[in-house]
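Worksheet: the structure to be examined is printed underneath.
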Amino acid sequence: MLKDLFLKETENAVNLAIKNNTLGQMTEYTKGSLSVEKPKNINFGDFAINVSSLAKSAKIAPPQIANAICDNLDKDKYGVNIVGGFINFKVNKEILCNIVDEIFKKGENYGKPENVKTEKINLEYVSANPTGPFHIGHGRWAAMGSALANVLKFYGHDVYQEFYINDAGSQIQKLGNSLLIRLKQEKGENIDFPEDEIERKNYYPGEYLIPVAKKFLLEHEYTEDIKILSDFAKKEMERLQRELLENFRVHFDKFYSELDLHTSGKVETSYKKLQESGKLYEKEGAIWFKSSEYGDDEDRVIKKADGSNTYLTADIAYHKDKMDRGFDRLINIWGADHHGYVARVKASLEALGYDSTKLEILLGQLVNLVINGEQTRMGKRKNMITLDDLIEEVGVDATRFWMCMRDINNTLDFDIELAKKSTDENPVFYVQYAHARACSILRNAINDRIDAHSGETVKAPLSQDEFDNLVKNFDKSILDDEVENAKKLILKLEEFKSTIINSAENRTVYSICRYVQELAADFHSFYNATRVITDNKQSTLARLSLVYAVKSVIALGLNILGVSAPEKM
RNA sequence: GCGUCCGUAGCUCAGCUGGAUAGAGCAUCUGCCUUCUAAGCAGAGGGUCGCGCGUUCGAAUCGCGCCGGGCGUACCA
């Protein structure tokens, strides 16, 4: 990366200065005390390093430090100038040409970091109950999770995506009970869900089970056997969920069934292991886990007084199983409403002898739907908007982009009206438009076209062969006279590399959304200032190569986000 | 009460491990289509970085305490 280049050069210069005794009382440079940033004022340079942080150990004023360091730098090569405690660098033509060259040479691998430590990662997200349709919040985890998986893979990690199905426990019973009511209604019986709020909690009164009831009656004899009914409803819900996920471009390597965890005996095994660890005890008829010994606020029940397991019991077995499968790291995306579970799951892993720091839990804040400028709470109301509804309304691209756009720590306002708009108010379209615009220019380069205003046929400046040759045998020397004019744009293309690294290392998908918006902005700006296809063939070729590079990098970014990069709009 | 996330321009948000006059998009105002997509561009105005104290040469950024909001606080999942 460009930043690293300047950092390394400066660090070498610092070490030399120390050796020459020109850095005051400084006797040793500790790596990491200098960092590269962007100058506030573009006239200073393209990159800057602030040396004020060395003032403490050197015991001399920052400008003096900067001067001493600069004595050991190739000032001409790097366009070095000093302002106060800042050493500013200017990139030269050669560097700029190399950036574009790298994009051509590496193609789809441009931006893939080298020499980074990669891990075998299990990424678990969505993990909804198979008891109903996804809500908007699931959409956020689905979009962010799959985009995170993409960026982690691009970084070089080995990522295994997993969806934990909560298909055991009392909610499945509830599902069966609810289907029975719908069945009876289908048969004309005058029956409904209880009005009483507490009793109503034993049912899923949403209308989504009506079509399930119809389907059941088409395929099966009427029955009141709750086991059969809940099984049927569960399978149907799972089928619909998976269909939606595929449609939403979310692909899991495994759907892990909680039920399997029970039938395979894994829940029992992990329970016994916990017991052996001596961290279980009985109180008031229930079995408790001493999670408070590992930083949890209080101990947790693991087996209820009636002998049944709690949700946690299976979850412990699940996480133990993930550990046993040999992953270097487990990443979970959970809704913020589950944050209370973090401490207890980590506690259980510690008690079972695992390193709980391998488990990273990303807590996502919830989504507010904004309709006509008004926030609506997502609740289990009758007229609740499901993820299906949302995607149908605004489309997969816009939904995915909006869901990824904000830091996971922030609540997300999803403005339906805005996301639907095909105008500059909508960042998704802004970025896609930049891509389409670039594609359009590339098309015009090799196709004769009819001028919209004069109506005359304009001959294509390049043949297909010439264009193919430009891409396949890219020669960076054609850029020599063009790169200064496109400096901002080219430096932005270079930033893709650090964006990927930051995004993957900090698990921040939104930084890719931001990057792609910034790149689009710089491209639109370039487009307006610089005519690409002109009578000058040399400059046309050079500028086309820039357009091609931009198109490629926007596509790379959008691809990671799971958003399409249209060639025409 | 306790835990946790958040509080930066009218609105939605960036601001990386503290550093040069606090940034972007939308909205508002002013310009730009005889030329490759104006779904675009150029420019302008707009901020006590919730409040206070502390650490520091230096704080939107770190610590503590308030204030305001979201979420959680089950032998539910």
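Throughout, protein chains are lettered first and strands after them, A, B, ... in sequence-line order, and every chain is numbered starting at 1.
Using a 4.0 Å heavy-atom criterion, one finds that A:Asn50 contacts the bases of the nucleic acid, with or without backbone contacts as well. When heavy atoms are screened at a 4.0 angstrom cut-off, A:Ser308 is found touching no nucleic acid atom at all. Nucleic acid contact for A:Ser525: sugar-phosphate only, since backbone atoms but no base atoms lie under 4.0 Å from a heavy atom of the residue. Within 4.0 Å (heavy atoms only), A:Asn129 reaches sugar-phosphate atoms of the nucleic acid but no base atom. Using a 4.0 Å heavy-atom cutoff across all strands shown, A:Ser127 reaches no nucleic acid atom at all. Counting non-hydrogen atoms under 4.0 angstrom, A:Glu284 reaches a base of the nucleic acid. A:Asp299 comes within contact range of no nucleotide atom at all, as no heavy-atom separation falls under 4.0 Å. Within the 4.0 angstrom heavy-atom criterion, only backbone atoms of the sugar-phosphate kind lie near A:Ala336; the bases stay farther away. Using a 4.0 Å heavy-atom cutoff across all strands shown, A:Ala436 reaches at least one base atom of the nucleic acid. Within the nucleic acid shown, A:His339 comes within 4.0 Å of at least one base atom, counting heavy atoms only. A:Gln365 comes within 4.0 angstrom of a base, heavy atoms only. Counting non-hydrogen atoms under 4.0 angstrom, A:Thr411 reaches the backbone sugars and phosphates but no base. The residue A:Ser35 sits close to a base: some heavy atom pair falls under 4.0 Å. Residue A:Lys303 is classed as having no contact, given no heavy-atom separation below 4.0 Å to the nucleic acid.
The aromatic ring of A:His338 sits over the base of B:A77, with ring centres less than 5.5 Å apart and planes inclined by under 30°. Both thresholds, 5.5 Å between centres and 30° between ring planes, are not jointly met by A:Tyr430 relative to the base of B:A39, so the two rings are not stacked.
Contact between the side-chain N/O atoms of A:Tyr527 and the OP1/OP2 oxygens of B:U35 is not found at any separation under 4.0 Å. At B:A14, one or more side-chain N or O atoms of A:Asn410 fall inside 4.0 Å of OP1 or OP2 (strictly under the cut-off).
Base pairing annotation: B:G18 forms no Watson-Crick or G-U wobble pair, as no partner gives both donor-acceptor distances under 3.5 Å. In this entry B:G65 has B:C51 as its Watson-Crick or G-U wobble partner, both defining distances falling under 3.5 Å.
For the pair A:Tyr510 OH and B:U12 C1', the computed distance is 15 Å after rounding to whole Å. Atoms CD1 (A:Ile361) and P (B:C5) sit 14 Å apart, rounded to a whole Å. A:Trp402 has its CH2 atom 11 Å from the C1' atom of B:C13, to the nearest Å.
When each of A:Asn506 and A:Leu54 is assigned the nucleotide of RNA chain B bearing its nearest heavy atom, the one mapping closer to the 5' terminus is A:Asn506.
Of the inter-residue distances, the one linking A:Asp315 atom CG with A:Asn309 atom CG reads 12.0 Å to the nearest 0.5 angstrom.
A:Lys551 and A:Glu567 are not joined by a salt bridge, as no carboxylate oxygen comes within less than 4.0 angstrom of a charged side-chain nitrogen.
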